[in-house]
Amino acid sequence: MLPVKLTSPSSARSILSQLGVHPSKKLGQNFLIDRNIAEIIIAAADLTGRDRALEIGPGLGVLTERLAASAESVTAIEIDAKLCAYLQERFREQPSVNLICGDILRLDPGGRFDLAQMKVVSNLPYSSGSRILMEFAMMMNRPACVVVTVQQEVADRMVAAEGSGDYGLLTIWLQTAYDVRAVKSVSPTCFWPVPVVQSCVVKMVRRPDALSGPEKKVFSRITKRCFSHRRKQVYRMLAAGSGLDNATVVELLGNMGLSPKARPSDISVEQWITLAQEIAGVAELAVRRT
Ligand code: SAM
C-alpha cells in the first residue's frame, strides 16, 4: 500500500509519480493539497451519517476519505484508469466507498442512481465542470445538494444577477433548479499542479420543482436559443424558438412587465421560468384545439 498524506504537496507528487500519472489538462487534473480547503468543502455539505455522497473525479481521494468518514456511503466516479486502480486498492477495506471507473458524462447518473437522495461533493474537472452542472440541474431527480470547486470565472457565472455580464445560460439553468451561493475563494497554490486561475467553492441547495417535464423542454429550448444571440431583442428569438407569432410573444412579455426590446440578460430567472410555463401552456392549448 502506498503512503497516504495527500495534503502534503510532495506526497501527492510522489504518489502520482509512482502511479505514472502525468497530470492531464484535458482531464482537469489539479489535485487539492490544502487540508483547510478540504475541510471547508466537507463542512459546506453538512453531511450526516445518513447521507449518501456522490463524488465526481476523486483523483487521489483527498475528499473521498473525508466523505467516507462523514457520510453513510460514497459513490466516486473517476475517469483515469490509473487513479481508479489506486483508489480501488486504497479503499478496498471500506465497503461504504463504491468506486466506479468511468466518465460521468457517459454514465447516465440520473438513470443509474437515486440522485435526488444524494449530495454531490466534488472538485470538478475544469474542462467539463459547467457541462456536468448543467446536466445535473436539468434532471428531474437532481441531487439535493451540490458542493463543488470550480474556476472563479465559472463561479461568477453561477451566482450572477440579471443584467450583469456574467449572467447567462449557466446562471439561469442552475438558479432555476438551485439556490446558489459562493462559499470560499481558493488560491491556485492549494492545488498541484498549480492552475493559472483562482478557484471557488460553491454550494447549491435544491429548489422545489418550478417546471414540469414539458415545461423544462420549452425552458431549455428558448434559453439556449436566446442566449446564443444575447445582443438580440428577445421577442424575435422567442417567436422563432417557440413557434408562436411575434404578436403573441410581445403580449406575453408585456403581461410580465417586459419590453419587447428586452435582451436575454435583462430577464430574471423567475421571469424565464414564467415564460417557459406560459409558452408551454399556449402550445398545449393549441394542440388541444386541433
Ligand atoms: N478530487 C480530487 C482532488 O480534489 O484532488 C481531484 C480533482 S481534479 C480537479 C478532477 C478529477 O476529475 C481528476 O481526478 C480527473 O481525472 C477526474 N475527471 C476528469 N474528467 C472526468 C469525467 N468526465 N468523469 C469522471 N472523472 C473525471
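Atoms within a ligand are numbered from 1 in the order they appear, just like the ligands themselves.
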Side chain to side chain contact (heavy atoms under 4.5 Å, CB included), paired with Leu54, selected from Leu67, Ile100, Ile77: Ile77

With heavy atoms of Gln29 as the reference, note each atom of ligand 1 found under 4.0 Å away. 13 (C), 15 (C), 16 (O)

Under 4.0 Å from a heavy atom of Ile77: which atoms of ligand 1 are those, numbered in the order shown and with their elements? 25 (C), 26 (N)

Which protein non-hydrogen atom lies closest to atom 7 (C) of ligand 1, naming both residue and atom, and how far is it? Asn123 O, 3.5 Å

Crowded around Arg206 CZ? As in, over 12 foreign heavy atoms under 6.0 Å? yes

If you scan protein heavy atoms around atom 23 (N) of ligand 1, the nearest is Asp103 OD1, 2.8 Å

The side chain to side chain contact (heavy atoms under 4.5 Å, CB included) partner of Leu238 among Val250, Leu244, Ile279, Asn246 is Ile279

What protein heavy atom sits nearest atom 24 (N) of ligand 1, and how far away is it? Ile104 N, 3.0 Å

With a cutoff of 4.0 Å, is Gly102 in contact with ligand 1, counting heavy atoms of the residue only? yes

So for atom CZ, which belongs to Arg207, do other residues, nucleotides or ligands contribute more than 12 heavy atoms lying within a distance under 6.0 Å? yes

Would you find a donor on one side and an acceptor on the other, under 3.5 Å apart, between the side chain of Gln29 and the backbone of Ser24? yes

The closest protein heavy-atom partner of atom 16 (O) of ligand 1 is Glu78 OE2, 2.6 Å

Considering only non-hydrogen protein atoms, determine which one is nearest to atom 19 (C) of ligand 1 and report residue, atom name and distance to 0.1 Å. Leu27 O, 3.1 Å

Among Asp103, Leu60, Leu83, the one residue meeting side chain to side chain contact (heavy atoms under 4.5 Å, CB included) with Glu78: Leu83

Which of the numbered atoms in ligand 1 are below 4.0 angstrom from a heavy atom of Phe31? 5 (O), 6 (C)

Option whose closest heavy atom lies nearest to atom 11 (C) of ligand 1, chosen from Cys101, Gly57, Ser122: Gly57

Determine whether Trp272 and Ile222 satisfy the following criterion, side chain to side chain contact (heavy atoms under 4.5 Å, CB included), listing intermediate values before the conclusion. CA-CA 9 Å; Trp272 277 113; Ile222 62 175; 4.2 Å; yes

Taking a cutoff of less than 4.0 Å between a non-hydrogen atom of the residue and any ligand atom, is Arg106 in contact with ligand 1? no

Counting from 1, what ligand 1 atoms have a heavy atom of Leu83 closer than 4.0 Å? 14 (O)

If the cut-off is 4.0 Å to any non-hydrogen atom of Val62, which atoms of ligand 1 fall inside it? 3 (C), 4 (O), 5 (O)

How far is atom 2 (C) of ligand 1 from its nearest protein heavy atom, and which residue and atom is that? Pro58 O, 3.2 Å

Are Ser268 and Glu162 linked by a side-chain donor-acceptor pair shorter than 3.5 Å? no

Which heavy atom of the protein is the closest neighbour of atom 5 (O) of ligand 1, given with residue, atom name and distance? Leu32 N, 2.8 Å

Please state which option from Ser127, Gly28, Pro125, Pro195 has its nearest heavy atom closest to atom 8 (S) of ligand 1. Gly28

Among all protein non-hydrogen atoms, which one is nearest to atom 21 (C) of ligand 1, and what is the separation to 0.1 Å? Ile79 CG2, 3.7 Å

For Asp51 and Thr48, indicate whether the former's side chain and the latter's backbone hold a donor-acceptor pair under 3.5 Å. yes

Is there a donor-acceptor pair closer than 3.5 Å between any side-chain N or O of Ser73 and the backbone N or O of Arg52? no

Less than 3.5 Å apart, any donor N or O on the side chain of Glu270 or Thr274 sitting next to an acceptor on the other? no

Within the 4.0 Å heavy-atom shell around Glu55, which atoms of ligand 1 are there? 1 (N)

